[in-house]
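Inspection log for the structure reproduced underneath, given as structure tokens.
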Amino acid sequence: MLIVQKYGGTSVGNPDRIKAVATRVVATVRQGHKVVVIVSAMSGETDKLIRYAGQVSSNPTEREMDLLLSSGERITTALTSMAISELGQKAIAFTGRQAGIITDAVYTKAKIERIDADKVNKALDNGYAVVIAGFQGVTEDDEITTLGRGGSDLSAVAVAAALNADLCEIYTDVDGVYTTDPNIVPEARKLEKISYEEMLELASLGAKVLQTRSVEFAMNYNVPVVVRSSFNNNPGTLVTKEDQDMEKVVVAGVAYDKNQAKLTVMHVPDKPGIAARLFNTIAEANIVVDVIVQNVSADGLSADISFTVPKTDSRRALELAQRLADDLGAKGVDVRDDLAKISIVGVGMRTHSGVAAQMFGTLSKHGVNIMAISTSEIKVSCLIEAKYTELAVRVLHEEFGLNKHN
Ligand code: ADP
Ligand code: ASP
Ligand code: MG
């Protein structure tokens, strides 16, 4: 088989951990498999580099940010390759560029356009374990890009798709995908398998165990993904196509996201075209808008438009919204970043009613106020004050029967 193994930050967090990764890679090769390894930077490294940038510049260019951030993965790639060689297995390390990972030119959140895998394929055919730096690529113009936080997951899935790999294993610091973050709710249960759709919702709603775009990619290209621990040999969670068993479960998981800022453009004229203009402007800046709420005032003449964006984009979104508000003669723009989004996800919601009401009831019973709601076929999300995050996750997890003993 051809297996892609991705190791996250904790799994390559120090030289001893890297040696443990090398041991696992070599064991996999000795079982007769071809192995491509994708590594993240050591845990904390990317955050450290971001802090450094902030210490020398109030507004670093995104191009230089990407050059900076891509260095973390270079280090672990080279070290992992060395550690594998040390065990007597041929290995070779590639940067994203050397591995042929070609992206668009949107710095800090580039999209992979294609992978020119000749070099990787040749190395595999020559008996090498190939180690590739995650999270990074290169544009047609030879500019270094990164794929957004957590982007090594995407590197792994995309490489697995390009090489037509039999399996993409995501090695991390928990045993698999749980009903909610096991580091917040010890009662969380590991799932044996989960559908791409549910995983996509959980990831986009904050479960950082897999990067959202990696799940999207896996779903589109039908890449079988297994999430498992690099610290033991437990079986992990298979992310795969939906089956009938999965539909019986109403709520498969609970997710939370504290990385949300809510902007409110106050008293905009209530007439056609305003929302389109606002959200076009935001979209052109490559900012992803999530929950949107519009309230028309009692006199029917003006409206408040609220929307959420990732906190990292809130400054830019505020600038844009402010400018538009001035143009439109709106009253101003208000920002809050002390909010969190709590979500329940499950394909079974398609065929069960009353799930949203049960969620609202549970939150209200615990005194948690809901500030905005958004729903899709298989999820319900509520915006609440961030200080209630852990409480809300715990009570919803229990309410929907997800605790271990159930
Ligand atoms: P890596 O560095 O290996 O990429 P991440 O920190 O990005 O690891 O993701 C793993 C973390 O995701 C876990 O430590 C856990 O706290 C968090 N997490 C959030 N939601 C879930 C969930 N539903 N199942 C498992 N882990 C989750
Ligand atoms: N090192 C990058 C990050 O911390 C990418 C990754 O770990 O997947 O976001
Ligand atoms: Mg990650």
Side-chain angles (χ1 to χ4, degrees), residues 5-13 17 21 38-51 65-66 68-77 96 108-110 132-137 145-159 169-194 198-215 225-231 234 236-237 239 251-259 310 312 340 342-346 389-390 393 396-397 402:
Q5 299 185 331
K6 177 258 173 177
Y7 293 90
T10 318
S11 305
V12 292
R17 292 298 315 153
V21 165
I38 311 283
V39 288
S40 288
M42 292 184 184
S43 55
E45 181 71 15
T46 307
D47 290 331
K48 186 187 84 184
L49 294 169
I50 292 172
R51 276 200 310 278
M65 278 312 281
D66 274 359
L68 174 70
L69 298 191
S70 68
S71 68
E73 270 74 9
R74 274 194 174 222
I75 296 172
T76 45
T77 304
T108 77
K109 41 189 159 189
I132 302 175
F135 180 52
Q136 56 178 267
T145 51
T146 65
L147 308 176
R149 295 308 304 269
S152 298
D153 296 333
L154 176 60
S155 308
V157 173
V159 166
E169 294 181 312
I170 304 286
Y171 284 93
T172 184
D173 55 3
V174 290
D175 280 9
V177 179
Y178 283 70
T179 47
T180 193
D181 188 341
N183 288 322
I184 290 217
V185 181
E187 290 293 310
R189 209 161 19 89
K190 187 178 80 181
L191 300 165
E192 206 179 299
K193 56 185 177 177
I194 184 167
E198 286 167 323
M199 193 62 239
L200 185 59
E201 289 284 7
L202 281 178
S204 70
L205 296 168
K208 69 168 182 166
V209 62
L210 282 177
Q211 187 221 28
T212 307
R213 277 171 37 208
S214 73
V215 185
V225 172
V226 170
V227 178
R228 53 186 300 194
S229 170
S230 70
F231 292 80
N234 297 344
T237 302
V239 188
V251 175
V254 181
Y256 66 93
D257 182 0
K258 294 184 181 177
N259 180 36
T312 38
I342 305 294
S343 311
I344 55 173
V345 172
T389 307
E390 282 77 10
V393 171
L396 290 172
H397 192 264
L402 298 175

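When a ligand or atom number is given, it counts from 1 through the structure's own listing order. Quick caveat: nothing in here was measured; it's all calculated off a predicted structure.
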field: For atom 2 (O) of ligand 1, the protein heavy atom that lies nearest, with its residue and separation
entry: G9 N, 3.1 Å

task: Verify the neighbour count for atom CZ of R149: are there more than 12 heavy atoms of other residues, nucleotides or ligands below 6.0 Å?
output: yes

query: In Å and rounded to the nearest 0.5 Å, what is the OG1 to CG distance from T180 to L402?
result: 8.5 Å

- request: Measure the distance from atom 1 (P) of ligand 1 to every protein heavy atom, then report the residue, atom name and distance (to 0.1 Å) of the closest one.
  value: T172 OG1, 3.6 Å

query: Going by the order shown, which atoms of ligand 1 are within less than 4.0 Å of some heavy atom of T180?
result: 22 (C), 23 (N)

D181, any N or O under 3.5 Å of ligand 1 N or O: yes

field: For atom 7 (O) of ligand 1, the protein heavy atom that lies nearest, with its residue and separation
entry: K208 O, 3.4 Å

message: Check this for me - ligand 1, S40, N or O atoms closer than 3.5 angstrom, yes or no?
response: no

query: Is the shortest distance from a Lys or Arg side-chain nitrogen in K258 or E390 to a carboxylate oxygen in the other one below 4.0 Å?
result: yes

- prompt: Is there a side chain to side chain donor-acceptor pair (under 3.5 Å) between D66 and T145 once you walk through the steps?
  reply: CA-CA 5 Å; D66 274 359; T145 51; 5.4 Å; no

message: For the OG1 atom of T146 and the CG atom of L154, what is their distance to the nearest 0.5 Å?
response: 11.0 Å

field: K190 to ligand 1, any heavy atom closer than 4.0 Å
entry: no

field: Residue-ligand contact G151/ligand 2, heavy atom below 4.0 Å
entry: yes

query: Non-hydrogen atoms of E45 versus ligand 2: any pair closer than 4.0 Å?
result: no

field: Polar contact flag for V177 and ligand 1 (N/O pairs, less than 3.5 Å)
entry: no

field: Test item, G176 contacting ligand 1 (heavy atom, 4.0 angstrom)
entry: yes

task: With rounding to the nearest 0.5 Å, note down the distance linking CG in L202 to OG1 in T179.
output: 9.5 Å

task: State whether the side chain of Q211 and the backbone N or O of L147 hold a donor-acceptor pair below 3.5 Å, judged by distance alone.
output: yes

- prompt: Nearest non-hydrogen atom to atom 16 (O) of ligand 1 belongs to which of T237, N183, V185, V345?
  reply: N183

Enumerated ligand 2 atoms positioned under 4.0 Å from heavy atoms of S40: 6 (C), 7 (O), 8 (O)

query: Looking at CD1 of I184 and NE2 of H397, how far apart are the two atoms once the value is rounded to the nearest 0.5 Å?
result: 11.5 Å

query: What distance do D181 atom CG and Y256 atom OH have between them, rounded to the nearest 0.5 Å?
result: 4.0 Å

- request: Kindly confirm or rule out an N or O of G150 lying under 3.5 angstrom from an N or O of ligand 2.
  value: yes

query: ligand 1 and D153, any nitrogen or oxygen pair closer than 3.5 angstrom?
result: no

Ligand 1 atoms in contact with P182 (distance to a heavy atom under 4.0 Å): 24 (N), 25 (C), 26 (N), 27 (C)

message: Testing the 3.5 Å rule here: is there a donor-acceptor pair between the side chains of S204 and T212?
response: no

- request: Can you sort out which atoms of ligand 2 are near R149, meaning under 4.0 Å from one of its heavy atoms?
  value: 3 (C), 4 (O), 9 (O)

message: Check this for me, if you would: do D153 and K6 make a salt bridge, where the nitrogen-to-carboxylate-oxygen distance has to be below 4.0 angstrom?
response: yes

query: Does ligand 2 have any atom sitting under 4.0 Å from a heavy atom of G72?
result: no

task: List every atom of ligand 2 that sits less than 4.0 Å from any heavy atom of S152, numbering the atoms from 1 in the order shown and giving each element.
output: 5 (C), 6 (C), 8 (O)

Nearest-contact summary for atom 13 (C) of ligand 1 - protein heavy atom, Å: D173 OD1, 3.5 Å

query: Taking N234 for the side chain and G236 for the main chain, is one N or O donor matched with an acceptor at less than 3.5 Å?
result: no

query: Would R17 count as a cation-pi partner of F231, with NZ or CZ less than 6.0 Å from the six-membered ring centre and within 45° of the ring normal?
result: yes

query: Among the heavy atoms of L202, does any lie under 4.0 Å from an atom of ligand 1?
result: no

field: atom 24 (N) of ligand 1 - nearest protein heavy atom and its distance
entry: Y178 N, 2.9 Å

query: Are E169 and Q5 linked by a side-chain donor-acceptor pair shorter than 3.5 Å?
result: yes

query: For ligand 1, which part of K6 has a heavy atom less than 4.0 Å away: the side chain, the backbone, both, or neither?
result: side chain

